[in-house]
Amino acid sequence: MKLRVGVLISGRGSNLQALIEACAKPDYPAEIALVISNEPEAMGLVRAQGADLTTETIEHHLFEDRRTFEDALTISLEKAGVDLVCLAGFMRLLTASFVSHWENRLINIHPSLLPAFKGLDVHERVIASGVRFSGCTVHFVRADMDAGPIIVQSAVPVHPADEPKDLAARVLTSEHECLPLAIRMIAEGRVRVENDVVRVVGTTSPVNGLINPSGFS
Ligand code: GAR
């Protein structure tokens with residue numbers, strides 16, 4: 001039985017596309033059961049329909065409050081038999097009640113090396129800060145924004161001439177690897193949450209560090 005994933009999106013859906021491509025491989029241990037967008041014009045909906053996935057639009061502004069909007073999300077996700085909910089560019093904050101309902105079954109991808117640079121306009125702030133590395137993080141969601149046990153991270157260099165769009169593109173390439181990897185590891189039962197920290201079973205870590213700037217002898 002493959003892990004059934006519900007993907008929540010708000011826009012472009014390039015991470016959804018990466019997951020669609022991973023799921024197309026016969027040995028990938030997860031499948032996309034449902035894609036929900038809170039924005040009817042989301043490009044990700046077109047991608048999902050192109051892959052013959054079930055889609056739904058649940059527009060947040062049609063609901064009285066966050067709670068009723070989230071109840072509608074949960075009803076649809078449960079009806080579709082979803083095991084894991086994946087926020088892939090879903091730009092709504094979720095209440096503690098939704099987060100606790102899906103505890104350790106709800107993941108998010110964020111375009112920075114968390115816990116640094118939570119929130120919006122990440123790449124502008126990363127460049128302005130002068131850090132030499134940025135990256136992306138896939139993590140289990142907790143009630144605080146962009147917080148929770150980290151499953152996978154990828155580090156990418158920040159280049160001196162980077163504009164935010166250049167760094168965003170470099171980070172996005174890593175996101176497209178990290179999200180399918182995190183879901184694979186969860187589906188294979190390798191991911192344990194112990195004291196709010198993720199332990200990954202049966203994997204290795206890189207041996208050496210990276211230095212930026214490089215090229216000096
Ligand atoms: C991605 O860069 C994702 O990390 C970010 O939105 C983008 C969605 O792109 N998410 C957040 O900033 C959440 N805090 P996509 O729609 O092409 O996957």
Side-chain angles (χ1 to χ4, degrees), residues 5 7-23 25 28-30 84 86-91 104 106-142 144-188 190-217:
V5 182
V7 185
L8 305 193
I9 60 166
S10 298
R12 178 179 55 186
S14 71
N15 279 292
L16 167 67
Q17 185 67 45
L19 193 57
I20 289 171
E21 284 162 27
C23 290
K25 295 176 191 141
Y28 193 73
L84 178 76
C86 171
L87 308 179
F90 184 69
M91 304 312 265
N104 296 341
L106 175 62
I107 64 171
N108 178 47
I109 182 151
H110 182 78
S112 76
L113 290 175
L114 290 174
F117 303 104
K118 298 173 179 183
L120 298 175
D121 302 322
V122 168
H123 307 298
E124 284 83 347
R125 289 186 288 124
V126 165
I127 290 169
S129 77
V131 293
R132 296 295 191 258
F133 289 97
S134 190
C136 66
T137 304
V138 183
H139 63 98
F140 285 113
V141 174
R142 294 293 181 258
D144 292 338
M145 182 188 64
D146 296 326
I150 291 168
I151 305 164
V152 182
Q153 289 187 308
S154 169
V156 306
V158 180
H159 295 169
D162 272 348
E163 299 285 341
K165 66 170 176 21
D166 305 314
L167 181 58
R170 198 173 306 120
V171 170
L172 196 62
T173 302
S174 285
E175 293 186 46
H176 297 164
E177 282 186 57
C178 286
L179 187 63
L181 172 62
I183 292 174
R184 169 187 282 282
M185 294 191 314
I186 292 168
E188 289 176 350
R190 296 174 184 276
V191 175
R192 312 259 161 80
V193 184
E194 292 167 12
N195 300 323
D196 233 31
V197 170
V198 166
R199 304 278 166 222
V200 181
V201 177
T203 56
T204 56
S205 297
V207 176
N208 296 313
L210 298 169
I211 296 178
N212 183 19
S214 62
F216 296 89
S217 49

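- For Glu177, the CD atom sits in a loose shell: 12 or fewer heavy atoms of surrounding residues, nucleotides or ligands are nearer than 6.0 Å.
- Under the 3.5 Å distance criterion, the side-chain polar atoms of Arg184 are left unmatched by any main-chain donor or acceptor of Ala30.
- Judged by distance alone, the side chain of Gln153 and the main-chain N or O of Leu114 form a donor-acceptor pair under 3.5 Å.
- When all heavy atoms are compared, the tightest approach of Phe140 to Val191 is CE1-CG1, 3.7 Å.
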Please assess Arg192 against Glu194 for the test salt bridge (Lys or Arg N to Asp or Glu O under 4.0 Å), listing each intermediate value before the final yes or no. CA-CA 6 Å; Arg192 312 259 161 80; Glu194 292 167 12; 5.5 Å; no
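- Remark: side-chain polar atoms of Ser174 are not paired, donor with acceptor, to backbone N or O of Ser154 under 3.5 angstrom.
- Two residues are said to be in side-chain contact when any heavy atoms from C-beta on lie closer than 4.5 Å; His176 and Glu21 fail this criterion.
- With Asn15 contributing its side chain and Ala88 its backbone, the two residues share no donor-acceptor pair below 3.5 Å.
- The distance from atom CG of Leu172 to atom CZ of Arg12, rounded to the nearest 0.5 Å, is 5.0 Å.
- Distance check, rounded to the nearest 0.5 Å: CG of Asp166 to NE2 of His159 gives 9.5 Å.
- Counted by atom type alone, Ser134 and His123 present zero donor-acceptor pairs between their side chains at under 3.5 Å.
- Considering all non-hydrogen atoms of both residues, His139 and Gly148 come closest at CB-O, 3.7 Å.
- The CZ atom of Arg170 sits 10.5 Å away from atom NZ of Lys165, with the distance rounded to the nearest 0.5 Å.
- The heavy-atom pair separating Val122 from Pro111 by the smallest distance is CG1-O, 3.3 Å.
- Side-chain contact check for Thr137 versus Asn108: every heavy-atom pair is 4.5 Å or farther apart.
- Shortest non-hydrogen contact noted between Val152 and Cys178 is CG1-SG, 3.7 Å.
- A heavy-atom distance below 4.5 Å is found between the side chains of Ile107 and Ile186.
- Remark: Ile9 CD1 to Leu16 CG distance equals 5.5 Å, nearest 0.5 Å.
- Electrostatic pairing of Lys118 and Asp144 does not count as a salt bridge here, judged by no charged N lying under 4.0 Å from a carboxylate O.
- Between Val193 and Arg142, the closest heavy-atom pair is CG1-NH2, 4.0 Å.
- Under the 4.5 Å side-chain criterion, counting only non-hydrogen atoms from C-beta, Ile211 is not in contact with Phe216.
- Side chains of Ile151 and Leu181 form no contact here, defined as non-hydrogen atoms less than 4.5 Å apart.
- In this structure, Leu167 and Pro157 approach most closely via the heavy-atom pair CD1-O, 4.1 Å.
- Looking at heavy atoms from C-beta onward, Val138 lies out of side-chain contact with Met185 at the 4.5 angstrom threshold.
- A distance-only check finds no donor-acceptor pair linking the side chain of His110 to the backbone of Ala147 [under 3.5 Å].
- A distance of 4.5 Å separates CG of Leu19 from CD1 of Ile183, quoted to the nearest 0.5 Å.
- Separation of atoms CD1 (Ile109) and SG (Cys136) is listed at 4.5 Å; rounding is to 0.5 Å.
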